[in-house]
Amino acid sequence: MGIASQDVIKQLSVLIDQVEEHLKVTFQNVHQGHPNVTFTRFLKAREWNVFKAQKMLVDSLNWRIQNHIDDILSKPITPVELYRGIRDSQLIGMSGHTKDGNPVFAIGVGLSAYDKASVHYYVQSHIQMNEYRDRVILPAATKKYGRHIATCVKVLDMTGLKLSALSQIKLLTTISTIDDLNYPEKTETYYIVNVPYIFSACWKVVKPLLQERTRRKVQVLQGCGRDELLKIMDYASLPHFCKREGSGSSRYSSTGFNDCFSLDHPFHQQLYSYIKQQAQGRPFIAPLKQGSFHVDVPEPGSEGINIVKTIESELHKIGNNNGLIHSLSDLNIDSA
């Protein structure tokens with residue numbers, strides 16, 4: 001990092017040092033003892049413009065306070081049957097670490113149905129995983145590997161991606177907006193595997209809309225990506241859907257212990273136990289609606305809106321070309 005970058009970090013540090021005390025308290029939960037790393041993340045997200053980065057960070061801190069994000073790891077999703085349904089329909093898990101120590105998160109994009117609970121539960125679950133990653137997983141990796149680790153890698157499995165994914169765009173945009181505005185620059189690289197035609201068609205038109213720093217992070221791999229991923233991680237850390245010789249997901253051929261999406265996987269067992277432990281001894285506060293922990297979602301930026309519109313347009317084209325436009329017209333995008 002150059003001298004100019006250090007100067008900008010100092011400028012942002014001075015500005016944040018002037019915020020109100022309650023914002024400083026939640027900022028400690030964000031930076032986990034490494035404030036300059038957090039300043040750098042927000043500066044990168046705003047192209048090193050110190051005033052835009054300050055606004056982004058202060059907005060994020062206010063969002064955390066208004067939505068009680070600091071306490072979200074003490075809000076278990078109960079009963080466990082409901083949480084199991086969420087895990088079966090929002091496919092995400094941690095399969096291990098890269099050789100450098102970065103946590104490896106796997107996401108089953110194509111087979112996630114998001115049909116077992118209201119949108120608020122899925123948002124709550126996603127934020128809890130973000131907070132658990134930042135407060136527990138990354139500090140543990142830092143200690144184990146002897147260097148500060150502040151980012152993860154994500155492996156996105158596109159197996160099963162269908163035109164019906166159009167109905168999930170609103171929810172996926174919600175989750176993406178939360179990450180972009182409040183957890184920027186936490187992912188080192190996105191590896192995309194098991195790519196069907198529908199993704200290739202959308203990626204071709206979406207890629208030019210992305211910022212250069214985002215495009216550099218995305219690597220679309222051939223087949224299940226096994227050989228490429230083994231260059232950066234050991235076999236044991238490969239997501240289960242990357243362990244097959246050929247392409248294709250092993251979502252339904254793994255045991256719960258090996259399937260990192262399953263509630264029975266050690267990662268999810270540890271996460272759920274941690275949240276239940278944090279909840280012990282705290283006064284019970286009834287949720288506002290539907291038993292879920294509601295979080296206000298910021299409006300997506302213009303880039304996000306353009307990408308969503310482009311994906312919708314491309315999916316409609318594909319549906320029309322394949323005689324499926326009538327089934328697409330029945331989908332209620334806003335219902336997500």
Side-chain angles (χ1 to χ4, degrees), residues 1-73 102-103 123 126-139 141-143 147-152 173-190 209-217 294-307:
M1 189 178 297
I3 295 175
S5 300
Q6 292 291 351
D7 288 343
V8 174
I9 291 170
K10 287 178 183 177
Q11 291 175 38
L12 181 55
S13 176
V14 169
L15 291 173
I16 296 302
D17 198 45
Q18 297 170 5
V19 302
E20 297 172 1
E21 197 61 34
H22 66 289
L23 294 179
K24 292 179 182 177
V25 171
T26 197
F27 182 52
Q28 290 175 355
N29 270 334
V30 174
H31 68 63
Q32 294 288 306
H34 299 274
N36 283 356
V37 174
T38 300
F39 292 144
T40 300
R41 290 195 295 107
F42 280 82
L43 283 163
K44 283 183 178 179
R46 289 297 177 261
E47 307 298 333
W48 295 93
N49 183 306
V50 66
F51 297 109
K52 289 182 179 180
Q54 178 211 20
K55 182 182 185 308
M56 182 186 186
L57 180 51
V58 170
D59 286 348
S60 177
L61 297 177
N62 278 314
W63 173 81
R64 293 180 67 86
I65 290 170
Q66 292 162 8
N67 292 280
H68 308 285
I69 302 300
D70 289 344
D71 297 323
I72 201 168
L73 286 178
N102 298 85
V123 170
H126 180 79
I127 295 174
Q128 284 179 331
M129 267 187 265
N130 279 355
E131 292 292 313
Y132 186 70
R133 174 198 64 197
D134 294 350
R135 297 194 223 173
V136 178
I137 297 294
L138 291 173
T142 294
K143 183 176 181 181
R147 69 177 189 90
H148 181 58
I149 297 174
T151 58
C152 65
T173 302
T174 294
I175 289 174
S176 176
T177 300
I178 288 172
D179 285 354
D180 289 345
L181 295 181
N182 301 288
Y183 303 92
E185 300 294 322
K186 295 298 293 188
T187 302
E188 194 78 24
T189 310
Y190 297 89
L209 301 178
L210 299 175
Q211 295 182 19
E212 178 60 28
R213 63 183 174 82
T214 303
R215 284 201 299 268
R216 287 198 301 265
K217 290 183 179 183
H294 279 228
V295 172
D296 294 328
V297 180
E299 288 297 316
S302 58
E303 181 189 44
I305 293 172
N306 289 338
I307 288 172

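Closest approach of Leu73 to Tyr132, counting heavy atoms only: CD1-N, 4.0 Å. Annotation for Arg133 and Pro139: closest pair O-CD, 4.1 Å, computed over non-hydrogen atoms. Residues Ile149 and Thr142 approach most closely at N-OG1, 2.9 Å, considering heavy atoms. The two residues Asn49 and Lys52 come nearest to each other via the heavy atoms OD1-N, 3.0 Å. Scanning both residues, Leu43 and Val50, for their nearest heavy atoms gives CD2-CA, 3.9 Å. Scanning both residues, Phe27 and Thr38, for their nearest heavy atoms gives CE1-CG2, 3.7 Å.
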Verdict with supporting geometry, Val8 and Phe39, side-chain contact (heavy atoms from CB on, under 4.5 Å): CA-CA 9 Å; Val8 174; Phe39 292 144; over 6 Å; no
Evaluation steps, side-chain contact (heavy atoms from CB on, under 4.5 Å), between Asn130 and Asp179: CA-CA 9 Å; Asn130 279 355; Asp179 285 354; 2.8 Å; yes
Chi angles and distances behind the side-chain contact (heavy atoms from CB on, under 4.5 Å) call for Gln18, Gln54: CA-CA 11 Å; Gln18 297 170 5; Gln54 178 211 20; over 6 Å; no
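How far CD1 of Ile127 is from CD1 of Ile175: 9.0 Å, rounded to the nearest 0.5 Å. Here Arg41 contributes atom CZ and His31 contributes atom NE2; the two are 11.5 Å apart, rounded to the nearest 0.5 Å. Put simply, NZ on Lys217 and CD on Glu185 are 3.5 Å apart, with the number rounded to the nearest 0.5 Å. The CD1 atom of Ile9 lies 5.0 Å from the CH2 atom of Trp48; values are rounded to the nearest 0.5 Å. Atom CG of Leu138 sits about 9.0 Å away from atom CD of Gln32, to the nearest 0.5 Å. Within the model, atoms CG of Leu57 and CG of Leu12 stand 6.0 Å from one another, a figure rounded to the nearest 0.5 Å.
Between Tyr190 and Thr214, the closest side-chain pair of non-hydrogen atoms is not below 4.5 Å. At least one side-chain heavy atom of Glu212 sits less than 4.5 Å from a side-chain heavy atom of Arg215.
Residues forming a side chain to side chain donor-acceptor pair (under 3.5 Å) with Glu188 (at least two apart in sequence, or on another chain): Thr151. Looking at residues two or more places apart in sequence or on another chain, you find no ring-ring contact (aromatic ring centres under 6.0 Å, His included) involving Tyr183. Contacts of Arg147 classified as side chain to side chain donor-acceptor pair (under 3.5 Å), with partners at least two apart in sequence or in another chain: Asn102.
At least one donor-acceptor pair under 3.5 Å links the side chain of Asn62 to the backbone N or O of Val58. When atom types are taken as modelled, the side chain of Ser60 and the backbone of Met56 share no donor-acceptor pair closer than 3.5 angstrom.
For the side chain to side chain contact (heavy atoms under 4.5 Å, CB included) with Val30, the lone residue among Ile69, Leu61, Asp134 that qualifies is Leu61.
Annotation for Lys24: atom NZ counts as buried by contact number, over 12 foreign heavy atoms lying within 6.0 Å.
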